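Here's the structure we're looking at; comments come further down.
In listed order, ligands and their atoms are each counted from 1. This is a predicted model, so every value here is computed, not measured.
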Amino acid sequence: MRSHYCGDLRKEHIGDDVVLNGWVHRRRDHGGVIFLDVRDREGLTQVVFDPDREESFQLADSCRNEFVVEIKGTVRARPEGTVNAEMPTGEIEVLGKGLVILNKAETPPFQLDEHQQVGEDVRLRHRYIDLRRPEMQDKLRFRSKVTNAIRNYLDDNGFLDIETPILNRATPEGARDYLVPSRTHEGSFFALPQSPQLFKQLLMVSGFDRYYQIAKCFRDEDLRADRQPEFTQIDIETSFMDEEAIMGMTESMIRELFQNMLNIDLGEFPRMPYSEAMQRYGSDKPDLRFPMELVDVADLMAEIEFKVFAGPAKDPKGRVAALKVPGGAQLTRKIIDEYTKFVGIYGAKGLAWIKVNELEKGVEGLQSPIVKFLGEDVAMQIMERLGAQNGDIVFFGADKEKVVSEALGALRIKVGEDQNMAQCEWAPLWVVDFPMFEETDNGGMTALHHPFTSPSCSAEELKANPLTALSRAYDMVLNGCELGGGSVRIHDQSMQKTVFEVLGISDEEAEEKFGFLLNALKYGAPPHGGLAFGLDRLIMLMTGTDSIREVIAFPKTQSASCMMTEAPGEVSAAQLRELNIKLRKTP
Ligand code: ASP
């Protein structure tokens with residue numbers, strides 16, 4: 001067994017006899033002396049074998065990259081001139097006195113320090129090798145420290161870690177379920193949890209008062225760069241605490257975490273109502289590192305001839321907004337074309353712009369394909385409202401409200417990033433006062449958070465004006481990412497029924513799907529609320545990583561498969577028969 005990790009050896013160990021276990025990172029033959037850099041999870045140490053010890057010298061000479069070895073030796077100072085200041089162990093080396101090859105290794109599909117030359121698919125197929133890389137080891141070690149710190153914080157605050165089932169009935173968190181066929185109940189299916197939402201609420205009814213769980217959640221959605229079909233939440237629920245208390249306690253948790261792990265003071269998180277976030281930033285998770293804001297100009301456009309602007313300006317569901325980019329007049333045609341394509345992703349049909357060259361010359365000093373359609377007065381009024389200055393560019397969006405907010409909101413961040421306009425490194429905030437419901441494309445309604453969220457108004461008011469009703473939900477946002485979200489829940493059975501009714505869920509359906517919840521609410525449910533943080537995203541932000549796959553040991557690909565195990569896989573006819581499942585042949 002090892003006496004020390006390779007990466008832990010320092011000057012203080014000089015003269016110590018040590019036993020190291022690890023992998024041969026590199027073997028070098030320096031004129032009759034063999035150097036092995038031996039690696040384990042804590043780092044590298046250089047081991048020197050000289051020909052005096054014939055047997056171990058020969059063995060060292062036969063070692064290749066990634067062989068697993070046990071080494072006995074003595075720590076000594078590196079000779080003058082060979083100290084490596086870049087390496088934590090760079091002042092010492094180990095004089096190898098004994099070597100056992102515990103296992104050989106074939107030439108790996110890629111060398112650890114050449115991972116950039118191979119595609120991510122190769123790395124994912126051989127993830128066990130990829131995870132040997134120091135960066136990956138650092139990230140997973142960091143992740144472990146974060147979960148440990150969170151557990152300690154929650155434990156210190158009286159939270160109990162309670163597990164909830166993985167095989168469940170479907171819960172409506174708004175995504176598609178992963179289903180598991182039941183063998184013992186022919187034709188019936190379990191759903192994997194999209195979150196432990198209802199169970200954590202029931203734990204409050206049972207009196208546990210403060211619950212948490214580092215919980216796996218499953219959502220069968222089309223994947224974007226920052227999504228995985230299975231992901232981890234820090235799931236929290238409390239009783240007898242209102243939104244202020246819940247936000248206060250979880251904000252402290254995140255602040256302490258950043259302070260202790262990264263030595264970063266996030267300060268107190270500002271609050272912003274949802275409506276303000278949408279209006280000023282076109283997003284319910286605004287990235288406040290960038291100063292630019294969306295400015296509404298529909299009132300100035302309603303009467304112009306140009307239908308592209310006048311139409312949405314007069315439409316109650318439309319929006320016409322402008323985004324001023326200071327210094328943006330130098331953007332080339334090519335970049336503007338790229339931005340036009342970019343806003344197309346969000347459904348925008350084009351991207352109108354005005355470059356402000358010489359404001360003193362009035363409309364003559366504006367360069368733009370659209371100024372002639374706006375007319376001088378309107379163009380100059382817009383410039384005034386935006387506080388435009390020479391050298392700026394102004395982008396416009398005119399369409400349905402959702403399209404304009406999303407397109408300009410995304411453009412704001414893209415331009416901000418491209419032009420390095422961030423004014424600080426970390427910008428946390430709480431978004432509050434969310435609407436209870438939003439309209440679906442087919443004219444129905446859906447809960448913006450989930451249907452167990454308490455409204456801020458009475459049941460009567462909710463029924464009368466569902467689309468303007470606000471909820472007691474809150475989201476914690478950091479640098480434009482939703483770190484976590486939650487709400488004060490409904491604990492009153494009749495209010496829960498009202499919400500189902502507004503959502504068009506019939507009594508029978510509510511009874512069938514949520515009868516257990518409605519029953520529980522009858523038997524003494526305390527006021528309760530909580531939230532859940534996305535752990536993967538939190539680690540991604542804290543480690544400055546671009547892809548969520550880099551902070552998960554064994555992630556899935558964009559098409560929700562595992563390159564290494566090749567899951568999902570086919571199953572045998574016998575297994576299918578046992579489950580009473582017959583596959584439909586695809587034509
Ligand atoms: N269950 C919710 C979610 O997964 C979080 C919560 O409301 O606590 O988004």
Side-chain angles (χ1 to χ4, degrees), residues 150 154 159-166 168-178 191-205 208-221 224 226-239 241-243 245-251 253-254 274 284-285 430-438 446-456 470-478 481-491 496 499 513-514 517 525-538 548:
I150 284 171
L154 291 170
F159 284 79
L160 302 179
D161 175 5
I162 305 178
E163 286 166 86
T164 53
I166 293 290
N168 292 317
R169 275 194 83 104
T171 55
E173 298 263 351
R176 201 181 289 119
D177 287 311
Y178 271 101
L192 303 184
Q194 292 190 29
S195 88
Q197 184 60 35
L198 293 180
F199 288 103
K200 66 173 173 174
Q201 290 191 232
L202 295 174
L203 288 170
M204 295 304 109
V205 180
F208 285 100
D209 200 70
R210 289 182 179 197
Y211 140 99
Y212 86 96
Q213 181 181 193
I214 301 205
K216 268 292 176 86
C217 304
F218 305 85
R219 297 184 190 175
D220 187 5
E221 290 177 296
R224 290 191 248 121
D226 61 345
R227 288 256 172 95
Q228 280 279 307
E230 56 177 300
F231 59 96
T232 309
Q233 283 188 344
I234 304 159
D235 196 39
I236 292 173
E237 196 74 9
T238 68
S239 296
M241 283 171 75
D242 62 10
E243 46 272 67
I246 297 170
M247 284 192 274
M249 181 177 275
T250 50
E251 179 177 321
M253 179 175 92
I254 296 296
Y274 168 90
D284 60 358
K285 38 181 186 298
W430 286 103
V431 177
V432 295
D433 297 338
F434 283 86
M436 267 301 274
F437 307 108
E438 62 182 346
T446 151
L448 202 79
H449 188 46
H450 50 56
F452 318 107
T453 297
S454 181
S456 316
L470 298 181
S471 74
R472 295 174 70 184
Y474 34 79
D475 275 1
M476 186 191 284
V477 175
L478 181 62
C481 271
E482 185 195 321
L483 266 194
S487 57
V488 170
R489 327 294 182 187
I490 297 167
H491 66 282
Q496 188 62 71
V499 169
K513 285 191 177 149
F514 311 113
L517 174 73
H528 62 285
L531 84 175
F533 291 99
L535 178 66
D536 310 293
R537 219 174 286 169
L538 175 67
I548 209 158

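In this structure, CG on Asn168 lies 9.0 Å from CG on Leu198, to the nearest 0.5 angstrom. To the nearest 0.5 Å, atoms NZ (Lys216) and CD1 (Ile166) are separated by 8.5 Å. Taking CG from Leu531 and CD from Gln233, the interatomic distance works out to 9.5 Å, rounded to the nearest 0.5 Å.
When the ring-ring contact (aromatic ring centres under 6.0 Å, His included) test is applied to Tyr274, the partners found at least two apart in sequence or on another chain are Phe434. Applying the salt bridge (Lys or Arg N to Asp or Glu O under 4.0 Å) rule to Glu438 yields no partners; only residues at least two apart in sequence or on another chain are considered.
Distances below 4.0 Å separate heavy atoms of Ser195 from the following atoms of ligand 1: 1 (N), 4 (O). Residue Gly486 approaches ligand 1 through these ligand atoms, each under 4.0 Å from one of its heavy atoms: 6 (C), 7 (O). Ligand 1 places these atoms under 4.0 Å from at least one heavy atom of Gln197: 1 (N), 2 (C), 5 (C), 6 (C), 7 (O), 8 (O). Proximity to Lys200 (heavy-atom distance under 4.0 Å) selects the following atoms of ligand 1: 6 (C), 8 (O). The contact set between ligand 1 and Leu531, taken as ligand atoms under 4.0 Å from a residue heavy atom, comprises 8 (O). If you number the atoms of ligand 1 from 1 as listed, the ones under 4.0 Å from a heavy atom of Arg219 come out as 3 (C), 4 (O).
At a 3.5 angstrom cut-off on N or O pairs, Asp235 does not count as close to ligand 1. In terms of polar-atom proximity, defined here as any N/O pair under 3.5 Å, Gln194 makes no such contact with ligand 1. The shortest N or O to N or O distance between Gln233 and ligand 1 is below 3.5 Å.
Heavy atoms of Gln201 come nearer than 4.0 angstrom to ligand 1 in no pair at all.
Counting only heavy atoms from C-beta outward, the side chains of Ser487 and His450 approach each other to under 4.5 Å.
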* Could you walk me through whether Met247 and Val432 pass the side chain to side chain contact (heavy atoms under 4.5 Å, CB included) check? -> CA-CA 10 Å; Met247 284 192 274; Val432 295; 4.1 Å; yes
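In His449, the part holding a heavy atom less than 4.0 Å from any atom of ligand 1 is the side chain. Residue-level proximity to ligand 1 for Arg489 is carried by the side chain, the only part with a heavy atom below 4.0 angstrom. Looking at Ala532 against ligand 1, both its backbone and its side chain come within 4.0 Å, counting heavy atoms.
With 3.5 Å as the limit, one finds a donor-acceptor pair spanning the side chains of Gln213 and Thr164.
The two residues Met241 and Arg210 come nearest to each other via the heavy atoms SD-NH2, 3.7 Å.
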